[in-house]
Amino acid sequence: MITYSPPSKHTEKLRTFDDQVLENLTKSIINESQVLKSASIISPSSSFCDRWTKKTEMSGLAYHRSESCHNLLRSPQLLSNHLFIIGGELPECSVDMLQQLIGNRLAAPFSLFNVQLDFRDIDIDRFNSVKVDLDLMMRINKITNAYLGDETSDITYDFTSSNRVHTFEHHTRKLKIKKDLIDNLKDRLSISPEDFLESAIQEIKTTKRGT
C-alpha cells in the first residue's frame with residue numbers, strides 16, 4: 001500500500017485548475033524520468049536479500065539493507081528511501097507500527113512491501129506493480145511541488161508566471177490546494193494510464209542498458 005499523508009480530512013475544492021495547466025502538468029509527469037531510484041530491505045536474512053536483489057535487478061533500484069526495524073530507524077537511508085521491502089517476520093514491531101513510525105518521519109509518498117522469505121515470481125510481479133504505482137505518485141508529488149513553489153519550475157517545466165501559484169495566505173490553504181491538484185492529476189492519469197506505463201517500462205529498459 002502506498003502511503004501519502006493527506007493535509008486534512010476535510011478538504012474542500014478551493015479552485016478549478018485551468019485545463020491547459022493540468023494538461024502541461026500531466027505531460028511533465030509522464031515525461032519525467034524515474035524518480036524512485038533506491039529501496040530499503042528490512043530482513044535479518046542475508047540470503048533473502050541476495051535472492052531479492054538478484055530477482056529484481058531489472059527494476060533499476062539500488063538497495064540498502066537493514067537487519068532490523070531498529071537498525072532502519074537509526075539509518076540515514078530511512079529519509080532517502082521511499083520503498084521498504086520487509087522480508088519475513090519482524091520480531092521488534094508489527095508492519096502497521098513500522099508504517100506509522102516511517103510516516104512520522106517521511107512526508108512524501110512511501111510504500112511498505114511485505115513478502116515471505118520463500119517468495120515466488122508472483123510476489124515479484126506484485127512488487128513491480130507497487131514500484132510503478134509509487135514512482136507515479138513520486139512524480140506527481142515532484143511536479144506538483146515544482147508548480148506550486150519552486151522558482152526554477154518556470155524554466156524546467158515551461159510554466160509561465162501567469163499560471164502559477166506564487167503566494168498563499170496560509171500554509172494550510174497551500175496544502176489544500178496541493179491535495180486538490182494531486183487529485184486532479186491522479187484522475188487524469190487514471191483515464192489513460194498506458195502513456196505512463198509505457199514511459200515507466202522504457203525507463204527500466206534504458207536503465208538496464210546503461211548498467
Side-chain angles (χ1 to χ4, degrees), residues 1-6 29-30 32-142 186 189-190 193-194 196-211:
M1 183 177 82
I2 296 174
T3 298
Y4 181 85
S5 301
I29 291 167
I30 292 173
E32 182 72 22
S33 60
Q34 182 175 322
V35 177
L36 187 63
K37 301 291 188 181
S38 61
S40 288
I41 299 176
I42 307 102
S43 178
S45 171
S46 58
S47 62
F48 168 82
C49 295
D50 292 341
R51 287 180 59 231
W52 184 267
T53 301
K54 184 175 181 180
K55 277 284 190 178
T56 60
E57 61 181 352
M58 287 289 291
S59 67
L61 296 174
Y63 286 110
H64 305 279
R65 182 194 170 196
S66 294
E67 296 181 355
S68 66
C69 295
H70 295 307
N71 184 247
L72 172 69
L73 296 175
R74 292 194 301 266
S75 169
Q77 274 77 39
L78 172 62
L79 297 180
S80 62
N81 288 329
H82 298 269
L83 180 55
F84 303 89
I85 299 96
I86 303 169
E89 299 297 325
L90 297 176
E92 308 104 315
C93 65
S94 65
V95 174
D96 289 342
M97 178 60 69
L98 180 58
Q99 181 165 327
Q100 181 177 344
L101 291 170
I102 294 175
N104 291 336
R105 292 163 171 80
L106 290 178
F110 70 92
S111 181
L112 270 66
F113 186 81
N114 197 9
V115 64
Q116 297 300 316
L117 294 178
D118 58 343
F119 64 88
R120 301 290 188 267
D121 286 344
I122 190 173
D123 296 310
I124 300 297
D125 292 338
R126 287 195 301 113
F127 171 75
N128 288 332
S129 177
V130 168
K131 185 187 76 69
V132 169
D133 289 344
L134 178 59
D135 186 62
L136 173 58
M137 276 306 304
M138 291 178 69
R139 293 189 197 197
I140 292 174
N141 200 53
K142 179 179 179 179
K186 286 169 64 178
L189 287 161
S190 67
E194 61 277 359
F196 172 73
L197 291 176
E198 182 180 349
S199 172
I201 292 170
Q202 185 60 42
E203 178 69 23
I204 291 174
K205 291 180 179 178
T206 303
T207 301
K208 183 60 178 176
R209 286 198 300 268
T211 56

| Residues two or more places apart in sequence or in another chain: which of them pass salt bridge (Lys or Arg N to Asp or Glu O under 4.0 Å) with R51? | none
| query | Which is it for N71 and I42 under the side-chain contact (heavy atoms from CB on, under 4.5 Å) test, yes or no, and what are the steps along the way? | reply | CA-CA 9 Å; N71 184 247; I42 307 102; over 6 Å; no
| task | Determine the interplanar angle of the F84 and F110 rings, folded into 0 to 90°, and report it as parallel if under 30°, tilted if 30 to 60°, perpendicular if over 60°. | result | perpendicular
| task | Test side-chain contact (heavy atoms from CB on, under 4.5 Å) on F127 and F119 and set out the steps. | result | CA-CA 11 Å; F127 171 75; F119 64 88; over 6 Å; no
| query | So, does E92 use its side chain to make a donor-acceptor pair with the main chain of C69 at under 3.5 Å? | reply | yes
| Atom pair CD (E89) and OG (S45), whose distance is rounded to the nearest 0.5 Å | 13.0 Å
| request: Determine yes or no for a side-chain-to-main-chain donor-acceptor pair under 3.5 angstrom, with N104 supplying the side chain and L101 the backbone. | output: no
| message | What's the separation between atom CD1 in I124 and atom CE in M58, rounded to the nearest 0.5 Å? | response | 13.0 Å
| query | Under the salt bridge (Lys or Arg N to Asp or Glu O under 4.0 Å) criterion, do D123 and R126 qualify, and how do the steps go? | reply | CA-CA 5 Å; D123 296 310; R126 287 195 301 113; 3.0 Å; yes
| Distance in Å, L83 CG paired with Y63 OH, rounded so as to fall on 0.5 Å steps | 7.0 Å
| task | Could you check I140, L134, D133 and say which one makes a side-chain contact (heavy atoms from CB on, under 4.5 Å) with L136? | result | I140
| Nearest 0.5 Å, what's the CG-CD1 distance between L61 and I85? | 7.0 Å
| Inter-residue atom distance R65.CZ - F48.CZ, 0.5 Å rounding | 10.0 Å
| task | Could you tell me whether the side chain of R139 and the main chain of V35 form a donor-acceptor pair under 3.5 Å? | result | no
| With distance as the sole test, does T56 use its side chain to make a donor-acceptor pair with the main-chain N or O of S59 at under 3.5 Å? | no
| Flag, side chain of D135 to backbone of Q34, donor-acceptor distance under 3.5 Å | no
| Gap separating the SG atom of C93 from the CG atom of L73, nearest 0.5 angstrom | 7.0 Å
| task | Mind listing the closest non-hydrogen atom pair of S40 and N81 along with its distance? | result | OG-ND2, 2.7 Å
| What's the verdict on side-chain contact (heavy atoms from CB on, under 4.5 Å) for V132 and N128, showing C-alpha distance, side-chain angles and the deciding distance? | CA-CA 6 Å; V132 169; N128 288 332; 5.6 Å; no
| field | Which residues share a salt bridge (Lys or Arg N to Asp or Glu O under 4.0 Å) with D50, sequence neighbours left out | value | none
| query | When you look at L112 and I86, which way does the side-chain contact (heavy atoms from CB on, under 4.5 Å) test go after all the steps? | reply | CA-CA 7 Å; L112 270 66; I86 303 169; 3.8 Å; yes
